Amino acid sequence: MTTSPKPKPKPKTTLYPDFQVLNVKQALTETKTRPMEPSQYQELFKINPNDSESGGKKTLKLVHRDKVSFSSKLHHNHSHVFHARMQRDVKRVSGLVHRLSSGSTAKYEVEDFGSDVVSGMNQGSGEYFVRIGIGSPPRSQYMVIDSGSDIVWVQCKPCTQCYHQTDPLFDPEDSASFMGVSCSSAVCDRVENAGCNSGRCRYQVSYGDGSYTKGTLALETLTFGRTVVRNVAIGCGHSNRGMFVGAAGLLGLGGGSMSLMGQLSGQTGNAFSYCLVSRGTNTNGFLEFGSDAMPVGAAWIPLVRNPRAPSFYYIRLSGLGIGGTKVPISEDAFQLNELGNGGVVMDTGTAVTRFPTVAYEAFRNAFIEQTQNLPRASAVSIFDTCYNLFGFLSVRVPTVSFYFSGGPILTLPANNFLIPVDDAGTFCFAFAPSPSGLSILGNIQQEGIQISVDEANEFVGFGPNIC
């Protein structure tokens with residue numbers, strides 16, 4: 001008697017389902033959520049006396065810029081907000097690619113910026129905001145967080161050129177703890193593009209969208225909730241240009257020595273954790289500092305360093321999955337080479353994840369193949385794969401997964417890869433081709449997932465918590 005051989009199991013596993021449900025109605029409802037006024041936002045950031053900061057863990061609330069109304073101009077129109085966000089994103093990515101492909105350390109010229117910097121919601125560098133105290137006594141200020149920047153700076157009086165911010169300009173004269181840094185200081189030696197003027201250390205930083213800040217370096221006291229940190233090197237910006245939309249400055253969380261993390265490494269164990277939430281939700285994200293913020297049960301993968309770009313956090317991606325099946329893409333498409341080109345960067349300031357064109361097209365085509373039952377729509381902005389979901393309450397969509405070197409697989413929530421681009425039911429596959437070999441893991445794909453960076457042990461963790 002012969003028996004037929006058992007069929008080989010498919011490469012899918014029950015741990016990673018091949019489809020999930022996108023709640024179309026809820027996603028469209030969230031596009032109509034009106035942003036908070038700054039006064040409401042300040043209330044949101046008030047310190048709760050019941051909050052705990054034990055064990056060296058410092059926690060800040062984190063909110064997406066589109067959740068806060070710093071300008072009433074068309075801000076409630078989701079299509080306008082979306083297109084403004086994509087315009088910012090293209091500039092951000094262009095700037096990152098330039099920095100990482102050229103390894104450029106060339107000083108910027110103010111004349112290079114100019115007409116591309118537009119007021120209001122048309123442009124901007126910051127995607128997520130926190131509120132911290134600066135100086136003694138502490139003056140509360142909104143600050144943009146940026147995982148790809150290595151300096152903390154704030155607009156300062158006297159200001160020869162400043163953009164509009166919500167809070168009064170920081171005045172060093174009103175702070176008992178403000179102390180200028182001399183040109184001979186070791187701190188000044190650590191600043192890229194440092195200069196000297198009348199014995200004071202000067203700094204200048206430019207961003208990919210044409211924004212810049214320049215001024216003097218100082219040591220100052222920063223207050224995070226109930227935690228006071230003294231002698232933090234900050235830039236006191238006297239000439240600043242760009243649309244940080246209400247924020248007073250920027251909190252650099254990059255991997256360099258002058259970032260907030262680099263300066264506080266002794267107090268935080270070189271570790272921080274964050275969870276990003278989108279504009280439409282009623283919950284808040286968080287930013288936590290300290291080794292105690294490292295969660296138990298996260299999926300940990302190695303942190304990769306690029307000597308040519310020490311500010312950035314690279315991770316090893318081995319592949320992409322659609323519907324529980326790995327898309328046939330060479331792992332080489334995601335590798336950081338010996339020259340420091342390519343690789344995968346995690347960036348809080350980029351919205352949309354980018355992959356090299358060959359990888360993106362294979363990934364997108366696999367998604368299209370499994371969504372042929374959904375009505376298509378025309379391309380919108382940087383998205384070439386869109387759907388008309390008007391009238392649907394929910395739709396079944398294939399899962400989208402990131403395969404990391406070493407085994408972990410991150411399967412994204414449906415809201416992180418099929419997003420509404422207007423309030424009429426147009427949803428798009430929220431990925432785009434990279435203008436180079438660089439891949440960027442953007443904040444739309446990071447939303448709702450706790451992400452932890454343990455620089456000391458060189459690991460990045462995903463989960464297990466959500467926000």
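Index from 1, following the sequence. Keep in mind the model is a prediction, meaning the values are calculated, not measured.
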inquiry  = Could you check whether Q20 and T399, counting side-chain N and O atoms only, form a donor-acceptor pair closer than 3.5 Å?
reply    = no
request  = Taking the six-membered ring for Trp and the single ring otherwise, decide whether the centroids of F224 and F289 are under 6.0 Å apart.
outcome  = yes
query = Atom OG1 of T411 and atom CG of N416: how far apart are they, to the nearest 0.5 Å?
reply = 11.5 Å
query = So which heavy atom on R85 is nearest to which on I444, and how close?
reply = NH2-CG1, 3.7 Å
query = Is there side-chain contact between L320 and I322, with at least one heavy-atom pair below 4.5 Å?
reply = no
query = Q155 and side chain to side chain donor-acceptor pair (under 3.5 Å): which partner among T213, N240, D167?
reply = N240
inquiry  = Are Y274 and F286 an aromatic pair, judged by ring center distance below 6.0 Å?
reply    = no
key: Lys/Arg-Asp/Glu bridge criterion (N-O < 4.0 Å) met for D18, R396   = no
task = Answer yes or no: does atom CZ of R190 have more than 12 heavy-atom neighbours from other residues, nucleotides or ligands under 6.0 Å?
result = yes
Derivation and outcome, side-chain contact (heavy atoms from CB on, under 4.5 Å), residues L28 and F390 = CA-CA 9 Å; L28 290 177; F390 176 77; over 6 Å; no
From CZ (R308) to CD (E338), nearest 0.5 Å = 12.5 Å
remark   = Note: Q165 and A248 closest approach over all heavy atoms is OE1-CA, 3.5 Å
request  = Spell out, as yes or no, whether a donor-acceptor pair under 3.5 Å connects the side chain of Q263 to the backbone of S257.
outcome  = no
note = Between G285 and V277, the two heavy atoms sitting closest are N-CG2, 3.2 Å
ask   = Are a donor atom and an acceptor atom from the side chains of Y387 and T371 found within less than 3.5 Å of each other?
value = yes
ask   = Do we see a donor-acceptor contact under 3.5 Å between the side chains of Y212 and Q161?
value = yes
task = Assess the pair F462 and F404: is the distance between their ring centroids shorter than 6.0 Å?
result = yes
message = Would S147 and F312 count as a side-chain contact (heavy atoms from CB on, under 4.5 Å) here? Give the steps.
response = CA-CA 7 Å; S147 63; F312 293 94; over 6 Å; no
key: NZ/NE/NH1/NH2 to OD/OE distance under 4.0 Å, D347 and R354   = no
task = Carefully, step by step, assess F427 and L22 under the rule side-chain contact (heavy atoms from CB on, under 4.5 Å).
result = CA-CA 11 Å; F427 283 69; L22 173 70; 3.9 Å; yes
ask   = Looking only at heavy atoms, which two atoms of A27 and P420 are closest? And how far apart?
value = O-CG, 4.0 Å
message = Nearest 0.5 angstrom please: C275 SG to I451 CD1, how far?
response = 8.0 Å
key: Distance in Å, L96 CG paired with K91 NZ, rounded so as to fall on 0.5 Å steps   = 13.5 Å
request  = Could you please spell out the steps behind the side-chain contact (heavy atoms from CB on, under 4.5 Å) verdict for I368 and T385?
outcome  = CA-CA 8 Å; I368 291 172; T385 303; 3.7 Å; yes
query = Distance only, no hydrogens: is a donor on one side chain within 3.5 Å (strictly under) of an acceptor on the other, for S405 and S318?
reply = no
Non-neighbouring partners of F334 that pass ring pair (Phe, Tyr, Trp, His ring centres under 6.0 Å), sequence neighbours left out = F355
task = Measure from the ring center of F429 to the ring center of F367 and say whether it is less than 6.0 Å.
result = yes
ask   = Do NZ/NE/NH1/NH2 and the carboxylate oxygens of R305 and E455 come within less than 4.0 Å?
value = yes
query = Just checking, is any N or O donor in the side chain of Y360 or D384 under 3.5 Å from an acceptor N or O on the other one?
reply = yes
